[in-house]
Amino acid sequence: MKALMFEKFQEAPRLVTVADPSPQAHGVVLKVAATGVCRSDWHGWMGHDSDVDLPHVPGHELAGVVEAVGKDVTNWKVGDKVTVPFICGCGSCPECHAGHQQVCLHQEQPGFTHWGSFAEYVGIHQADLNLVALPETMDFATAASLGCRFATSFRAVIDQGKVRAGQWVAVHGCGGVGLSAVMIATAAGANVIGVDLDPAKLALAQKLGAVAVINGGEADVPEAIREITRGGAHVSLDALGHTVTMTNSILCLRPRGKHIQVGLMLGEHAAPAIPMPRIVGQEIELLGSHGMQAHRYGAMLDMVASGKLDPARLVGDRISLAEAPQALMNMDKFQSVGATVITRF
């Protein structure tokens, strides 16, 4: 199969031909129809993730068709149209037994713990636990964005933030995760404020339902949010993973507000200074949010089917596998408006 591989961190990936994967007894092999290019892939390429062994094929936001099925798989057959959370549970640890596969103690992550979906085929582990059936009407590019950015935002807003109608929600960083959060929080009835440096992304945030936007390069972000909300946001999300956006998110909250850390804090941002006196004095909640379990996809897909959510609006550039090296290496310098998705292999 064709695949995009890097053999050293921070060196240009290249297209190679490697052996097709075979399914594990409990797994499947998918023919990849679409796969997103995500900032998390960039972190892996940079060497920020200790799970990545070289040489490596990245890619974790994917959708496709079941190509081969392991002997112990009972719920899936060749030809099924599916996606998968970027965190695959083991099915046997206490967290999996409790339904918390997103923090599985022995989790597998395509594109990190094993070769991923920047390829024509990808192997997925524990298929009966981790695969998600896709509606026939959903195109593959849209479906690819569900596995990481959109599903991660859904859990962050709905399950962790418990956002309610009428609340003020601030979203710091209007990339794929942030724009998804804007749409989802709006659908939940919240008043959403989008924050970014890019006017084009702020304009899209408004189209997706944000009642106000702030250019972070032109304003004191926490003060601007406190003024708009008359006291601070009830829930605020750092959807980027940067010391500045994390700090702004905490400082923009009203007393007893919730900060949700969605963006990965890696590399130089891995050990940020946290404004603890404010957190203690105002009883601020700090919550992490890490992906979403396969069994929660039904609630999200029902909202898509009803028209309350439209993830297709978040798909940006559609590129070929040959264009992926440049898109991956440039993730920290330039991000297109919406999710960049590989659709041609």
Side-chain angles (χ1 to χ4, degrees), residues 39 152-153 156-158 160-289 332 334-335 337:
R39 186 175 169 85
T152 293
S153 294
V157 171
I158 302 300
Q160 296 291 81
K162 294 180 170 55
V163 168
R164 304 190 306 273
Q167 288 187 322
W168 284 98
V169 175
V171 177
H172 302 260
C174 291
V177 171
L179 290 171
S180 299
V182 168
M183 179 186 289
I184 294 162
T186 297
N191 303 301
V192 183
I193 301 171
V195 184
D196 204 277
L197 302 175
D198 186 342
K201 293 178 181 178
L202 294 176
L204 182 52
Q206 287 183 301
K207 291 179 181 177
L208 295 174
V211 299
V213 295
I214 298 169
N215 189 315
E218 301 174 356
D220 180 328
V221 172
E223 180 59 33
I225 291 173
R226 288 194 295 269
E227 182 176 340
I228 293 168
T229 60
R230 298 180 300 280
H234 297 87
V235 178
S236 183
L237 297 86
D238 174 10
L240 178 61
H242 190 285
T243 303
V244 171
T245 48
M246 180 211 72
T247 303
N248 285 344
S249 178
I250 294 170
L251 295 180
C252 81
L253 290 163
R254 65 183 60 207
R256 296 182 60 79
K258 293 179 183 178
H259 163 74
I260 315 294
Q261 188 62 45
V262 188
L264 293 172
M265 303 289 286
L266 298 173
E268 61 185 296
H269 304 287
I274 297 173
M276 195 57 70
R278 187 183 189 92
I279 292 166
V280 174
Q282 297 196 0
E283 294 191 352
I284 301 298
E285 291 186 60
L286 301 184
L287 295 168
S289 195
D332 197 47
F334 171 79
Q335 294 187 37
V337 178

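All values below were derived from every heavy atom in this structure, side-chain atoms included, with hydrogens, water molecules and symmetry-related copies excluded. Index from 1, following the sequence.
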Q: Determine which pairs satisfy ring pair (Phe, Tyr, Trp, His ring centres under 6.0 Å) with at least one residue from residues 258-283, sequence neighbours left out, and list them in order.
A: His242-His269
Q: Could you tell me which non-hydrogen atom of Thr247 sits nearest to which non-hydrogen atom of Ala273, and how far apart they are?
A: OG1-O, 4.3 Å
Q | Contacts of Arg164 that satisfy salt bridge (Lys or Arg N to Asp or Glu O under 4.0 Å) - sequence neighbours left out | A | none
(Q) Test of understanding: with salt bridge (Lys or Arg N to Asp or Glu O under 4.0 Å), list the residues that count as partners of Arg254, not counting sequence neighbours. (A) none
Q: Go through the structure and list residues passing side chain to side chain donor-acceptor pair (under 3.5 Å) with Glu285, not counting sequence neighbours.
A: none
(Q) I'd like to know if the side chain of Gln261 and the backbone of Leu286 have a donor-acceptor N/O pair within less than 3.5 Å. (A) no
Q: Can you see which heavy atom on Gly166 is nearest to which on Asn191, and at what distance?
A: O-ND2, 3.4 Å
**Q.** Distance-minimising heavy-atom pair for Ser236 and His172
**A.** OG-NE2, 2.9 Å
(Q) Using the side chain to side chain contact (heavy atoms under 4.5 Å, CB included) criterion, which residues pair with Pro272? Sequence neighbours excluded. (A) Thr243, Met246, Met265
(Q) Please check if the number of heavy atoms outside Glu223 that lie under 6.0 Å from its CD is greater than 12. (A) yes
Q.
Quick one, Val235 with Gln167, criterion side chain to side chain contact (heavy atoms under 4.5 Å, CB included). Give me CA distance, side-chain angles, the key distance, then yes/no.
A. CA-CA 8 Å; Val235 178; Gln167 288 187 322; 4.1 Å; yes
Q) Hey, mind stepping through Val169 and Val157 against side chain to side chain contact (heavy atoms under 4.5 Å, CB included) and telling me if it holds? A) CA-CA 9 Å; Val169 175; Val157 171; 5.8 Å; no
Q | Minimum heavy-atom distance Val262-Ala156, with the two atoms named | A | CG2-CB, 3.7 Å
Q. Nearest 0.5 Å, what's the CG-CG distance between Asn248 and Leu240?
A. 11.0 Å
**Q.** Gap between atom CD1 of Ile284 and atom CG of Leu251 - 0.5 Å precision
**A.** 9.0 Å
Q: Please determine which of Val171, Ile225, Val213, Thr245 meets the side chain to side chain contact (heavy atoms under 4.5 Å, CB included) test together with Val195.
A: Ile225
Q: Could you grab the distance from atom CZ of Arg39 to atom CG of Leu264, nearest 0.5 Å is fine?
A: 9.0 Å
Q: To the nearest 0.5 Å, tell me how far Arg226 CZ sits from Ile228 CD1.
A: 11.5 Å
Q.
Quick check for you: to the nearest 0.5 Å, what is the distance between Leu179 atom CG and Leu204 atom CG?
A. 5.0 Å
(Q) Please enumerate all residues that pass side chain to side chain contact (heavy atoms under 4.5 Å, CB included) together with Ala200, with sequence neighbours excluded. (A) Asp198, Val337
(Q) For Arg278, I'd like to know if atom CZ has over 12 heavy atoms of other residues, nucleotides or ligands within 6.0 Å. (A) yes
Q. Hey, mind stepping through Trp168 and Val211 against side chain to side chain contact (heavy atoms under 4.5 Å, CB included) and telling me if it holds?
A. CA-CA 10 Å; Trp168 284 98; Val211 299; 3.6 Å; yes
Q: Identify the two heavy atoms, one from Gly194 and one from Ala210, that lie closest to each other, and give their separation to 0.1 Å.
A: N-CB, 4.3 Å
Q.
Could you measure the distance from the CG atom of Leu197 to the CD1 atom of Ile214? Nearest 0.5 Å is fine.
A. 12.0 Å
Q.
Using only atom types and a distance under 3.5 Å, with no angle test, would you say the side chain of Thr186 pairs donor to acceptor with the backbone of Val182?
A. yes
Q.
I'd like to know if the side chain of Asp196 reaches the main chain of Cys174, judged simply by a donor and an acceptor atom lying under 3.5 Å from each other, with no hydrogens or angles considered.
A. yes
Q) Do you know the tightest heavy-atom contact between Ser289 and Thr152? A) OG-O, 4.2 Å
